[in-house]
Student: 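Got a structure here, written out as structure tokens. Questions coming.
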Amino acid sequence: MSETVLEPPAGGWRTAARAGDRGPMARAVIAALAVALAGTALFSLATGALEIPVLSALGALAEGRETLTATELRDRIVLTEVRLPRVLLGALVGAALAVSGAVMQGIFRNPLADPGIVGVSAGAGLAAAGLIVLGGGVLAPAVALAGIYALPVAAFFGGLVTTFALYRIGTRGGMTSIPTMLLAGIALGALAGALTGLLVYVADDRQLRDLTFWGLGSLAGANWDKILAAGPVIALVLAAVPFLAGGLNALVLGEAAASHIGIRVQRLKTIAIVAVAAATGAAVAVSGGIGFVGIVVPHLLRLTIGPDHRYLLPACALLGASLLILADTVSRTIVAPAELPIGIVTALAGAPFFLWILLRRKGLTSL
Amino acid sequence: MKPDTPQMMTPPRLEVRDLGVTLSGKPIVTGVGFSVPAGTLTAIVGPNGSGKSTVMRAVTGELAHSGAVRINGATLSSLSPAALAALRGVLPQHTSLSFPLSVMEVVRLGLLPPFGPGNDRDARVRAALQRVDLAGFEGRAYHSLSGGEQQRVQLARVLCQVWEPCSAGTARWLFLDEPVSSLDIRHQILIMRIAADFAARGGGVVAVMHDLNLTAMFAGRLLVMKSGRLLADGAPEAVLRDDLISEAFDHPLRVGALPARGTPFVLPQAAQAAQAAQGATRETSLV
Ligand SMILES: Nc1ncnc2c1ncn2[C@@H]1O[C@H](COP(=O)(O)OP(=O)(O)OP(=O)(O)O)[C@@H](O)[C@H]1O
Ligand SMILES: [Mg+2]
């Protein structure tokens, strides 16, 4: 039977098998997104109250300060101390949020699963807020020891505890009920949000300002310390996540079928949950709760290149980074010299766009 | 029983001893034991809810269970997921995709990681689709297929996984839970032929079936389940008897033999009687 069947068709296997294979298109999209990210980053570096000739300024970074004119020196300081950290942080946070969303959706087998929706961000935010408000007391020595890493570490554990809590609630006798987990996550998110709200009443003025920043999220506090704190965690997760792609693809068939094709499903879920908690925690620690990126970006890309995680995850990282840099550029220029919280920009632009996509779909089945 | 493949004097077996499964605190399957050889198509039949899928899910390592399961002599728990995947493919009773894959992408999931790169992969995916009569469906969205087409795509995926029934002296296994339940009659026979061919070439096949006549045509071994227990186990000719099969399904059934080959066929009694009684009305309504 197989002998006759394996005869190559007219045009050869390559062209024949192309149908249904979105790989080549996905690779082209990823290349385009990489170019777009570079372009967005340059655009954002060039944009602001001060006009900076970015390319020449970046090119001159290798030269010593003494060779520069006063203007060039000022440009360089604005570039390296203000805009560059901000663009880098935006890219890191955007990539972390979009990839976390995609991984979580893959694990939960649901396009609505997102660290923001299932309470992971809220849990991370609560831990970070708790550290800000209560960190001066009993925790002071530990906080001092952890230095710039205190906030990301606290947020990471907040996210991790939330994720494991909702995982435990959704699991009975080795079987995990996804709808139960989603519902539990929504409840846990509400609880964490309320507890964060309570902290406001025990916070002093300076703490209060720090806390408000969690509400809508912002990249305004970007500096090299924050990049040093969150960067390695996010970079590690981004580097590790491609190894989950095969397993996440298999999970599209369901947990049982995935294990039947050789995936260690429990291990996959554990690694993915830790990765999501780490990336979300790090992102929340430096930027607060920026919503929406984790749902919109993966969904948009699934519509374009399909759900294959080998392409979806890198594409999410690139598009998430670009979009957040863009949103941040808008947030710091549109009402200049004041600033909009970036969460307002992502929601104002993202929500209608997302609704438009939902309306435009022909059927209701292909979420 | 069908003859052994030449290179193996005793064919590898699936051995299940005293299998018990408890779900939500309820014993669903109790004391199920059987030993079936590769090279034979084994069918499991029984009423809805009798525990057929539960046995399949336990035997394929999905459900925790008591008792022992051995495939080709190795206990289930001693095999890693990857080793198991190389040894056997599983077609579940239901599969729902969480994200919209194309047909090609679904079938390709059956290609296990060590599979060689390049054209080879595409060739197998295509060949698998062609075997289940879905050539040209590569680019279709899985969600847009009919129920029977989806079922055949899933089978193509499983075939991709266990391509060779027998390699390096090891028999591979197919576990199929109702592989033809939503197929038309031509495709039912096509899929049963693929399964029987797999067994004839030395592979092991265990299939849950509802169509007793199709089962009698293709199975070399029949397990009958009722209320979580094994009611009968043997060759179809021996098991398909009026009393036994009527008891299994709590319904009067008559077994005859097909003229040409002597294959048993099962006829539901009440339906026959009802047909006779309705004869007159039926004729008028047909005009
Ligand atoms: N998770 C569960 N909790 C409780 N009972 C269950 C669970 N899963 C299955 N059952 C029960 O176990 C029994 C056997 O189910 P199983 O799916 O094995 O039946 P089956 O023989 O495959 O039936 P069908 O022909 O309808 O596919 C059924 O009565 C079912 O209600
Ligand atoms: Mg069943």
Side-chain angles (χ1 to χ4, degrees), chain A residues 1-9 12-23 105-111 113 172-175 178 246-268 298-299 302-303 306-309 312 363 365-367, chain B residues 23-25 57 60-64 80-86 88-90 92 94-113 119-128 130-131 135-141 143-144 154 157-158 161 163 175 193-194 197:
Chain A
M1 189 178 273
S2 51
E3 291 82 349
T4 51
V5 152
L6 277 170
E7 201 121 343
W13 288 117
R14 210 164 255 289
T15 45
R18 272 292 153 74
D21 185 2
R22 291 178 272 193
Q105 284 141 31
I107 290 292
F108 280 58
R109 305 187 68 239
N110 188 311
R172 293 275 188 301
M175 311 273 257
I178 300 301
L248 292 173
N249 282 346
L251 265 191
V252 174
L253 299 170
E255 295 193 8
S259 83
H260 291 150
I261 57 180
I263 304 298
R264 291 174 190 271
V265 174
Q266 200 55 46
R267 194 181 66 171
L268 171 72
H299 184 72
R302 255 185 239 110
L303 289 176
D308 187 335
H309 291 83
L312 183 64
T365 46
S366 61
L367 260 183
Chain B
L23 294 173
S24 320
R57 288 164 68 201
T60 54
E62 185 189 329
L63 291 180
S80 69
L84 261 178
R88 57 102 181 91
V90 184
H94 303 288
T95 309
S96 69
L97 301 192
S98 51
F99 293 108
L101 296 180
S102 71
V103 167
M104 169 106 180
E105 287 163 341
V106 171
V107 178
R108 209 162 43 187
L109 286 173
L111 297 170
L112 299 177
N119 273 355
D120 237 0
R121 306 171 65 90
D122 297 344
R124 186 181 286 188
V125 168
R126 247 188 92 80
Q130 195 152 339
R131 282 180 83 172
F137 277 65
E138 289 85 351
R140 290 282 300 275
H143 286 111
S144 74
Q154 292 299 338
R157 170 177 68 75
V158 176
Q161 184 183 340
W163 195 244
F175 293 92
R193 279 223 176 104
I194 292 174
D197 173 68

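A quick note: this is a predicted structure, and the numbers were derived from the prediction, not measured. Numbered from 1 within each chain, the chains take letters A, B, ... in sequence-line order.
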Student: Passes side chain to side chain contact (heavy atoms under 4.5 Å, CB included), A:Q105 versus B:S98? Steps please.
Tutor: CA-CA 9 Å; A:Q105 284 141 31; B:S98 51; over 6 Å; no
Student: Within the 4.5 Å heavy-atom criterion, are A:R109 and B:S96 side-chain neighbours or not?
Tutor: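 Touching, per the 4.5 Å side-chain cut-off.
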Student: Any non-hydrogen side-chain atom of B:F175 less than 4.5 Å from a side-chain atom of A:H260?
Tutor: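 No - every pair of side-chain heavy atoms lies 4.5 Å or more apart.
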Student: Among B:S24, B:P81, B:A135, which has the most heavy-atom pairs under 4.5 Å with chain A?
Tutor: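 Heavy-atom pairs under 4.5 Å are most numerous for B:P81.
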Student: Quick one: what part of B:R88 sits under 4.5 Å from any heavy atom of chain A, side chain, backbone, both or neither?
Tutor: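 Contact with chain A is through both the backbone and side chain of B:R88.
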Student: Do A:V252 and B:E105 make a side-chain contact, defined as non-hydrogen atoms from C-beta onward lying under 4.5 Å apart?
Tutor: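 Side-chain contact under 4.5 Å: no.
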Student: Please report the interatomic distance CG(A:L251) to CG(B:L97), rounded to the nearest 0.5 Å.
Tutor: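 Atom-to-atom, A:L251:CG and B:L97:CG are 12.0 Å apart.
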Student: Which atom pair, heavy atoms only, marks the closest approach of B:F99 to A:G106?
Tutor: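 Nearest pair, atom of B:F99 first, then A:G106: CE1-CA, 4.2 Å.
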Student: Any side-chain heavy atom of A:L253 sitting closer than 4.5 Å to one from B:Q154?
Tutor: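 A:L253 vs B:Q154: side chains touch.
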Student: Checking heavy atoms, do the side chain of B:L84, its backbone, both or neither come under 4.5 Å from chain A?
Tutor: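 It is neither, since no heavy atom gets under 4.5 Å.
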Student: Please classify the contact of A:N249 with chain B as side chain, backbone, both or neither, using a heavy-atom distance under 4.5 Å.
Tutor: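 Interface part for A:N249: both.
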Student: Is there side-chain contact between B:L101 and A:P307, with at least one heavy-atom pair below 4.5 Å?
Tutor: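 Yes, side chains in contact.
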Student: Side-chain contact test, heavy atoms from C-beta onward, threshold under 4.5 Å: evaluate it for B:S102 versus A:R22 and give yes or no.
Tutor: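 Result yes, sub-4.5 Å side-chain heavy-atom pair found.
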